[in-house]
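Let me begin by presenting the structure, written as structure tokens, before commenting on it.
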Protein chains: 4
Amino acid sequence: MPRVKQQFDAMRSATREKIITAGLQLFSTKGLAATSIQDIAGLAGISVGLTYHYYKSKEDLFTELVEMVVDSADESTQVLFNSDQSPAEKIKMFSKNVIDSIAESAAMSQYYLLMIHYVLVVDPSKKAVKIREKSFAPLESVKRTVIEGQELGEVKPGDPDEMIVLYFAAIQGLSISKLMMGNRFVLPSPDLLSGLLLDNPKRKSAALPIN
Amino acid sequence: MPRVKQQFDAMRSATREKIITAGLQLFSTKGLAATSIQDIAGLAGISVGLTYHYYKSKEDLFTELVEMVVDSADESTQVLFNSDQSPAEKIKMFSKNVIDSIAESAAMSQYYLLMIHYVLVVDPSKKAVKIREKSFAPLESVKRTVIEGQELGEVKPGDPDEMIVLYFAAIQGLSISKLMMGNRFVLPSPDLLSGLLLDNPKRKSAALPIN
Amino acid sequence: MPRVKQQFDAMRSATREKIITAGLQLFSTKGLAATSIQDIAGLAGISVGLTYHYYKSKEDLFTELVEMVVDSADESTQVLFNSDQSPAEKIKMFSKNVIDSIAESAAMSQYYLLMIHYVLVVDPSKKAVKIREKSFAPLESVKRTVIEGQELGEVKPGDPDEMIVLYFAAIQGLSISKLMMGNRFVLPSPDLLSGLLLDNPKRKSAALPIN
Amino acid sequence: MPRVKQQFDAMRSATREKIITAGLQLFSTKGLAATSIQDIAGLAGISVGLTYHYYKSKEDLFTELVEMVVDSADESTQVLFNSDQSPAEKIKMFSKNVIDSIAESAAMSQYYLLMIHYVLVVDPSKKAVKIREKSFAPLESVKRTVIEGQELGEVKPGDPDEMIVLYFAAIQGLSISKLMMGNRFVLPSPDLLSGLLLDNPKRKSAALPIN
DNA sequence: AATGAATGAGTGTTCATTCAT
DNA sequence: TATGAATGAACACTCATTCAT
């Protein structure tokens, strides 16, 4: 959490904020190689030289942005999964948040695209390994909840690993498809997504007549 | 006397093959900008200049590869969905093929990564629009089958558009995750994937005998 | 604090000047294709990259130089032919200026060589057409003066178009021959050149006293 | 003259002839650097490799073409100026031939453009010096005739060197202008050209009323 | 903190030339 | 004599990075 604090201090600089916004936008769509510092400086409305006043190198900025989004994802997931709701409620809430986030902003798309560029292009260093590890934290949180939920009968049976891989694959796919499909994209309902892990609530109600 | 035409054709095919293989591998992981022609030529085991004997430009090669994988995906989907199986069987078979393909080769990963790079980086031209259109053909095939299947009661109820978007998002996510997650990746069973559209057969059969 | 705008402007002007001088010299003699940007940068005493800070491309620089000399030629011709001298005086003065210019600097040679390279190599665009049109302006000025002079009896009779084509052909030929002939080149007197359009004054005066 | 014989032998090869024709056309307009061997082979309708069967290198072909046109110009000039006509008649005939040649074919334009490219671009070697020397032969022929004609009173008085430089400058200028000016070009009459060296015959007849 | 001119290394692309057949 | 695939060096152009101010 000192890391986050530090970021917020950094953010206090309006210039840094401009660079971050421009960098996120350009790096996530075009990737590291296809984005130039002059592009970023131009979009941020500042000079090239100033960018180097804040970031040691292009790759440095890129890495910092990846770190930032990974931290942010981790943090917001933590908050939800450390709450005292039932596993099913957590999963429903998480799914709803994800769908809402995809609907409202580019943050999710940027997160996944950035990760793709990062993992596939940037050569792995110690730092890179640490960041990658952290990027799996949300999967771990959900996995624990799935196992717990299965024990309670709230979550569908099945291999938890396979289930969360598919669940997050769907989330990643949706995030990226939103950007790629243009007006052909329709956002599934949160229930459709959470249906990957939970029994469909609608179907349950359909079964209720018996009770 | 000159080489006969046949000889030249054979030479051309062999070299073209090498370039295609190398290009697919490098473009799909690193993208257009981060892949140099020298990388490709090196991996293909030929000279840089020769690459330009076969492809007018780096972007030209990139586009041709994208076209190639899109055509291939379209074609293999067509074959399956034009068969005379029931909707549920088609979906099960398609899901199985997808999972097998992800398991066995890099083709699926390459397809989706290539499309991401293509859509996000290459500026849209008439050709680009045509290619994108064709890339939606598999979705349309599945959509028709879903609707048909819903009428027969073989496919889960729900908005077909939302369902196929989620279904293909999951496929895309799995394909990419396989590359990104490394040894943390576990491949879900075909039934788990087809479960997005169909009622899970195992649960039904598993639940019945006991009770 | 950053350099003030004035400082940057001064830097830009100085560098631009160097590029222009080097470019004129090299392009005019060797042409577009045989002149490399490295040649130009080297002669200008700057780096290759910097050249691209000022000109988008080699052809762009070339075109700008052509435009520059065409404008300059047009302008200096205008000044003379809009003066209030008699046609014969204008033609004498123009011929003298031309001969002096060929004698003193490389400007005339550069002008004609540049135009040759431009017309024969650069593919015709809207801009190219406009530049070519402007390059005919001096011919038009002289033509008007020739016609006027013929009416006054100051200029030799004959088809004005043929006469100015021959007159300018001679000027172009002299400009280029100066560079090509080396020490075999001797510059004709202005009267010899203007003799193409005017009756030779010397002969008249030389012939009269005796008879 | 053995040289010419040799060329004719060479010409006997239809392939050589194709290369020569293509080379003359491309080199004269685009110059050495901007013309590729593949261009030439393409225009000649043969393969790249075959071109190298006939000419050691691109520059070799270029030099041979220059030599060829210089020889040809020298030879045809010799024939005329070694005839037993009067100086004025020789000059009139030469001027007429020049104007006709400009009117009818591209040979004159090709000759002068080729020479410009050759002198200004190709680095001077022993061979180059010899070729350049030969290219001045026509000037020498005309110069001798001018001096002779001045002694006979057939040619205008004046510095013979200045006069022939201007005369050939005009010829060169016309040849090149024909290509450059497009439809604005009008060919002066032979008398206008020969008027640079001879008194205008028309004007003489205008003076005749007295006799 | 801020600017943008300047450099140099890297990459895309062309093309003269060679070579196996 | 004839072909065109293949190479490598040269050149156009871009861009991360530095620097004087």
Side-chain angles (χ1 to χ4, degrees), chain A residues 13-16 32-41 46-61, chain B residues 1-12 14-16 33-41 46-61, chain C residues 1-5 7-12 14-16 33-41 45-61, chain D residues 13-16 32-41 46-61:
Chain A
S13 159
T15 302
R16 242 192 171 85
L32 177 62
T35 302
S36 74
I37 286 287
Q38 2 261 355
D39 283 347
I40 294 175
I46 63 173
S47 71
V48 169
L50 190 54
T51 312
Y52 279 88
H53 193 80
Y54 288 91
Y55 296 92
K56 202 167 84 266
S57 69
K58 187 171 82 157
E59 202 159 324
D60 200 56
L61 167 59
Chain B
M1 270 104 250
R3 275 181 234 244
V4 292
K5 195 163 179 305
Q6 218 173 10
Q7 282 173 301
F8 283 129
D9 283 350
M11 291 169 78
R12 288 188 74 82
T15 305
R16 220 173 250 274
T35 302
S36 74
I37 285 288
Q38 299 167 32
D39 288 344
I40 294 174
I46 62 174
S47 72
V48 169
L50 189 54
T51 313
Y52 284 90
H53 244 63
Y54 292 86
Y55 296 93
K56 208 169 75 265
S57 67
K58 189 171 81 157
E59 190 161 332
D60 201 57
L61 168 58
Chain C
M1 269 107 251
R3 275 182 235 244
V4 292
K5 193 161 182 306
Q7 282 173 302
F8 282 129
D9 284 351
M11 290 169 78
R12 288 189 75 83
T15 305
R16 220 172 251 273
T35 301
S36 75
I37 284 289
Q38 299 167 32
D39 287 344
I40 294 175
I46 62 174
S47 71
V48 169
L50 188 54
T51 312
Y52 284 91
H53 243 65
Y54 292 87
Y55 296 92
K56 207 168 76 266
S57 67
K58 188 171 82 157
E59 192 163 330
D60 200 57
L61 167 59
Chain D
S13 159
T15 303
R16 243 194 170 82
L32 177 62
T35 302
S36 74
I37 285 288
Q38 0 261 357
D39 283 347
I40 293 175
I46 63 173
S47 71
V48 170
L50 190 53
T51 311
Y52 278 89
H53 192 80
Y54 288 90
Y55 295 93
K56 203 169 81 266
S57 68
K58 186 170 83 156
E59 201 159 325
D60 201 56
L61 167 59

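So you know, we letter chains A, B, ... as the sequences are listed, proteins then strands, and number each from 1.
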Phosphate OP1/OP2 of [N]: any [X] side-chain N/O under 4.0 Å:
X	N	value
D:His53	F:dT1	yes
A:Gln38	F:dT14	no
B:Arg12	F:dG4	no
B:Tyr54	F:dA5	no
B:Tyr52	E:dT14	no
A:Thr15	E:dA2	yes

About how many Å separate [atom2] of [Y] and [atom1] of [X], when rounded to the nearest 0.5 Å?
X	Y	atom1	atom2	value
D:Tyr55	D:Ile40	OH	CD1	10.0 Å
A:Arg16	A:His53	CZ	NE2	9.0 Å
B:Ser47	B:Gln38	OG	CD	11.0 Å
C:Tyr54	C:Asp60	OH	CG	15.0 Å

Would you kindly give the [atom1]-to-[atom2] distance between [X] and [N], to the nearest whole Å?
X	N	atom1	atom2	value
A:Lys58	E:dA9	NZ	P	18 Å
C:Arg16	E:dA6	CZ	P	11 Å
B:Ile40	E:dT11	CD1	P	12 Å
B:Met11	F:dT3	CE	C1'	11 Å
B:Ile46	F:dT7	CD1	P	7 Å
B:Phe8	F:dA2	CZ	P	15 Å
B:Leu61	E:dT11	CG	P	17 Å
D:Ile37	E:dC19	CD1	C1'	17 Å

Counting the atoms with a prime plus P, OP1 and OP2 as sugar-phosphate, which does [X] contact under 4.0 Å by heavy atoms, base, sugar-phosphate, or nothing?
X	value
A:Leu50	base
D:Thr51	nothing
B:Ser47	base
A:Tyr55	nothing

Please determine, for the side chain of B:Ser57, which listed nucleotide (E:dT13, F:dA6, F:dC13) has the closest atom?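 Shortest atom-to-atom distance from the side chain points to E:dT13.
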Can you tell me which nucleotide in E:dA16, F:dT17, F:dC13 comes closest to the side chain of D:Ser36?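 Of E:dA16, F:dT17, F:dC13, E:dA16 is nearest to the side chain of D:Ser36.
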Side-chain heavy-atom pair C:Phe8, C:Lys5 within 4.5 angstrom cut-off: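 C:Phe8 vs C:Lys5: side chains apart.
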Checking the side chain of B:Asp39 only, and the main-chain atoms of B:Ser36 only, is there a donor and an acceptor separated by less than 3.5 Å?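 Yes.
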For DNA chain F, produce a single dot-bracket line, 5' to 3'. Pairs: Watson-Crick or G-U wobble, both distances under 3.5 Å. Symbols: ( ) within strand, [ ] crossing, | other strand, . unpaired. .||||||||||||||||||||
For side-chain contact (heavy atoms from CB on, under 4.5 Å), just list the numbers for A:Lys58 and A:Leu61, CA-CA rounded to whole Å, side-chain angles, deciding distance to a tenth of an Å, and then say yes or no. CA-CA 5 Å; A:Lys58 187 171 82 157; A:Leu61 167 59; 5.8 Å; no
Using heavy atoms to find the nearest nucleotide of DNA chain E for D:Ala33 and B:Thr35 separately, return the residue whose nucleotide is more 5′.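 With D:Ala33 and B:Thr35 compared, the 5'-side residue is B:Thr35.
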